[in-house]
Amino acid sequence: MTDVSPAARPAASVPLIVDGDRGPRPGSGTRVDEDLLAGLNPEQREAVTYRGQALLIVAGAGSGKTSVLTRRIASLLRNKEAWPSQILAITFTNKAAGEMRERVHQLVGDRSQGMWISTFHSACVRILRREAEQFGFTRSFTIYDSGDSRALVKRLVKEHEADAYGLTPSAVQGKISKLKNELADAESYARSANMNDPAERVFCDVFGAYQRELQRANAFDFDDLIAQTVYLFRAFPQVADVYRRRFRHILVDEYQDTNHSQYALIHELTRPPGSDGGPIAESGGMMIFDAPATEEAASLTVVGDSDQSIYAFRGADIRNISEFERDFPGAKVVLLEQNYRSTQNILSAANAVISHNFDRKDKRLWTDVGAGEKIVGFTGYSQHDEAQFVADEIEVLHKGGVPYDQMAVFYRTNSQSRALEEIFIRAAVPYKIMGGTKFYERAEIKDALAYLVAVANPADEMAMRRIINKPRRGIGDVTIETISRYAADEQITFRDALGNASDLGVGPKIQAAIAHLDAVLAEASDLMLPASGELPPPTAVAEGLQLLLTKSGYYDALRASRDPQDEARIENLDELVAVAREFARNNPEGTIVDFLTEVALVSDADDLEDASGSVSLMTMHTAKGLEYDAVFLTGVEEDLIPHRISAGEPGGPQEERRLFYVGVTRARKRLYLTLAMTRAQFGEVSVAMPSRFLQEIPSELLDWRQSPGDVNSRGGTQSRALNARRGSAGSGFGGSGSGRRYGDDLVPKSTSLEKFANRVPAKVRDNGDMELAPGDRIRHDDFGEGRIDAITGEGAKRVAHVRFEKVGMKKLLVKIAPIAKL
DNA sequence: CTCAACCAATTTTTT
DNA sequence: ATTGGTTGAG
């Protein structure tokens with residue numbers, strides 16, 4: 001807060017909101033080093049050099065916005081318009097933050113030290129840790145991830161018997177999250193709620209209890225991190241002023257995906273410092289007297305693209321960006337429409353699809369790199385068949401010179417990754433799944449972290465409850481409630497109650513177990529948080545973790561187990577210890593609290609290192625902001641993309657279309673759209689329909705290796721709708737088109753068709769009402785002869801369980817399988 | 001209190 | 001199909 005801005009000039013009688021385009025300040029903009037602007041188009045230059053109160057950069061997909069943003073920051077630093085510490089840049093993921101930090105560092109060197117480049121959540125944690133004592137928390141508070149808060153909600157729902165009113169834990173959790181994103185707390189919601197509705201009343205009770213439990217546990221959930229920071233700023237203007245004076249340049253990436261609380265946070269930070277007025281400001285202390293009565297608000301730069309808004313489901317409000325000019329009068333708007341990423345064919349497809357969203361501002365991406373390859377379509381018989389095509393095509397591309405890490409496979413839902421994974425393993429395609437079931441969400445990792453939390457934040461009863469009987473110590477629900485009640489009676493924490501094992505009135509065996517756990521926690525605490533106040537050694541976290549896992553008996557219990565999965569769990573724990581060591585190396589001063597913070601906020605810790613050399617698999621949401629030479633969009637089916645659940649929600653289908661658009665625009669040179677005719681879910685096989693988005697792509701852009709009509713017999717309607725062009729495939733590829741880059745062997749003229757002709761029925765087929773019964777013999781085009789074991793299902797979903805002589809048991813969809821009765 | 005067996009629900013996307 | 005939760009026996 002003592003930073004003095006080299007650019008700050010006492011602004012005489014500046015109104016609260018600066019009006020009009022004031023143009024570049026004298027001395028800035030003109031002196032930007034030319035190398036920062038090298039290779040930029042006029043709009044991009046403007047976005048880098050414009051100086052003013054508010055700037056909106058509307059950046060279409062692939063328009064070079066990251067480059068613009070980093071150069072903008074670099075130019076502020078180079079021209080000495082700002083110290084690093086005066087810059088706050090918000091990105092959507094930690095990974096993006098790391099990359100931006102790296103790129104700025106490349107441009108300006110060590111001058112970049114001290115900037116805050118982080119996610120909303122990380123930035124708020126930093127602020128909250130600093131200010132926690134102001135409002136009843138300690139700086140070692142715990143961060144609850146959604147799993148933690150679900151566990152808490154679950155307990156409270158049970159305690160309040162809220163399920164009797166039709167409130168499921170997940171519904172309650174979702175509603176609480178939504179309310180917090182709107183900055184509504186339990187009290188304010190209770191005032192506006194309809195209290196005649198008993199379900200509402202119970203919900204308010206649970207919400208209130210949930211918040212009290214968090215407070216008691218000295219914990220914040222994800223949503224609180226933002227919302228409580230806003231409350232903090234509103235309740236303590238002098239605290240807010242510290243940050244308003246400090247951050248003179250605020251930049252927010254992916255602005256279209258900000259929710260209301262994030263929007264409010266930005267507003268709080270961009271108010272002029274010292275302007276709050278009212279009684280509190282008078283008690284604000286000396287600073288008010290020292291500083292000019294009114295100072296300039298920080299400058300705000302936001303970057304976004306409303307066509308890429310895909311997080312409405314978690315409260316993102318597209319109006320934040322669409323009404324930016326109204327919120328910040330006089331804001332400058334720069335449009336970046338030239339795309340430097342994809343070929344024209346890919347862009348044309350993207351433009352065609354997104355133009356079906358009616359409530360958008362028309363924006364057309366263009367490029368000057370040429371048409372490029374056609375988009376390849378493929379329809380598999382099953383999800384495995386689809387996966388096989390993807391795996392084979394990846395190998396073809398790889399032989400043609402595309403590195404694995406320049407290819408990615410996207411899907412709508414995480415569950416779709418299974419089939420891909422199975423096939424990729426068999427085909428020996430190196431792959432890496434991004435996101436999904438995260439390392440830090442595995443049970444054993446959460447247990448280990450709960451041990452650490454129990455040390456770092458003894459007030460966190462959730463963590464204590466989690467570990468108290470892991471490994472098995474003979475402590476069940478009854479004993480836990482006994483301890484809990486004892487702690488309440490004695491006005492001490494659950495953790496401290498363990499120290500009085502003999503007072504609890506439990507059996508001697510359990511007493512001993514409790515005393516032992518208490519001793520282990522105390523020993524770890526001495527190691528990681530020495531009472532003497534001296535700084536623990538950097539290795540303390542890793543050693544403490546090791547100590548906890550060993551002396552608690554956790555490791556031993558896993559080793560003694562005969563469950564084969566427990567071996568993998570031990571490996572995971574070893575990896576966690578390794579992560580702690582690595583953390584110590586990078587942060588010699590890092591404490592246990594810092595470690596837990598990092599772990600709580602980093603989505604997938606290992607995504608930076610070993611993604612190289614592997615194909616990336618991820619959901620389309622995760623893909624935002626990334627780009628690859630070749631992209632496979634899989635499962636392009638109705639009910640998947642657009643997802644079935646989205647149909648019922650207002651704006652749902654449109655958001656799905658944006659999601660599809662995001663997926664398409666990730667591709668630089670090659671795009672594959674694949675689907676399957678049948679998909680198994682819940683162990684049931686069902687017939688899938690091609691996604692409507694396929695029909696929105698002009699047929700001349702698409703080259704079907706195998707169209708839905710090729711696979712599906714009732715192809716009449718579908719093939720018409722989907723521009724199936726069986727037989728004309730030869731014209732689309734195999735020639736010496738523009739795709740020279742990967743060599744001519746890249747696109748095998750007909751091999752892939754031949755290859756898959758074996759696997760997939762290449763001709764139109766409809767078995768209609770073929771009568772089959774157990775015991776019948778059949779012949780399958782691929783599998784040979786076999787005998788029917790059983791028939792299950794009804795109508796179009798009738799499934800034959802067939803024992804083949806050569807390949808064993810198979811399940812076949814009677815209606816479309818290439819089979820004949822013998 | 002623990003374990004085995006059975007049953008239900010699950011699959012939208014994430015910091 | 002998998003997983004988590006519940007139930008009842010030991």
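Chain identifiers are assigned alphabetically (A, B, ...) following the order of the sequence lines, protein sequences preceding nucleic acid strands; residue numbering begins at 1 within each chain.
Residues forming a salt bridge (charged side-chain N to carboxylate O under 4.0 Å, His left out) with A:E627 (at least two apart in sequence, or on another chain): A:R341, A:R668. For A:N586, the side chain to side chain donor-acceptor pair (under 3.5 Å) criterion is met by A:E582, not counting sequence neighbours. For A:D148, the side chain to side chain donor-acceptor pair (under 3.5 Å) partners at least two apart in sequence or on another chain are A:K446. Residues passing the salt bridge (charged side-chain N to carboxylate O under 4.0 Å, His left out) test with A:D185: none are found, sequence neighbours excluded. Under the ring pair (Phe, Tyr, Trp, His ring centres under 6.0 Å) criterion, A:F410 pairs with no residue at all, not counting sequence neighbours. For A:F494, there are no ring pair (Phe, Tyr, Trp, His ring centres under 6.0 Å) partners two or more places apart in sequence or in a different chain. Every salt bridge (charged side-chain N to carboxylate O under 4.0 Å, His left out) that A:E696 has, sequence neighbours left out, goes to A:R657. Checked against salt bridge (charged side-chain N to carboxylate O under 4.0 Å, His left out), A:R485 has no partners two or more places apart in sequence or in another chain.
Annotation for A:E567: atom CD does not count as buried by contact number, only 12 or fewer foreign heavy atoms lying within 6.0 Å.
DNA chain B is contacted by A:N469, A:R472, A:G474 of residues 463-474 of chain A, taking any non-hydrogen atom closer than 4.0 Å.
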Completion exercise
With B for base contact, S for sugar-phosphate-only contact and - for none (protein heavy atoms under 4.0 Å), nucleotides 7-13 of chain B reads ---BBBB
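Taking atom CD of residue A:E481 and atom P of nucleotide B:dC1, one finds them 11 Å apart after rounding to whole Å. Distance, A:H121 NE2 to B:dT14 C1': 9 Å, rounded to whole Å. The separation between A:M434 atom CE and B:dT14 atom P is 12 Å, rounded to whole Å. For the pair A:K509 NZ and B:dC1 C1', the interatomic distance rounds to 11 Å; values are reported in whole Å. Distance, A:F410 CZ to B:dT14 C1': 16 Å, rounded to whole Å. A:E598 places its CD atom 15 Å from the P atom of B:dT15, with the value rounded to the nearest Å. Rounded to a whole Å, the NZ atom of A:K624 is 10 Å from the C1' atom of B:dT14.
In this model, the phosphate group of B:dC1 is approached by a side-chain N or O of A:T479 to a distance below 4.0 Å at OP1 or OP2.
Sorted by first and then second residue, the ring pair (Phe, Tyr, Trp, His ring centres under 6.0 Å) pairs involving residues 139-158 of chain A (not counting sequence neighbours) are A:F141-A:F220.
On the P atoms, B:dT13 is 16 Å away from C:dG4, given to the nearest whole Å.
For A:R658 and A:Y661, the positive end is not near the middle of the six-membered ring at less than 6.0 Å and at most 45° from its axis.
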Show me the protein contacts with nucleotides 3-10 of chain C, counting only N or O atoms at under 3.5 Å.
residue, atom, partner, partner atom, Å
C:dG5, OP1, A:K154, NZ, 2.6

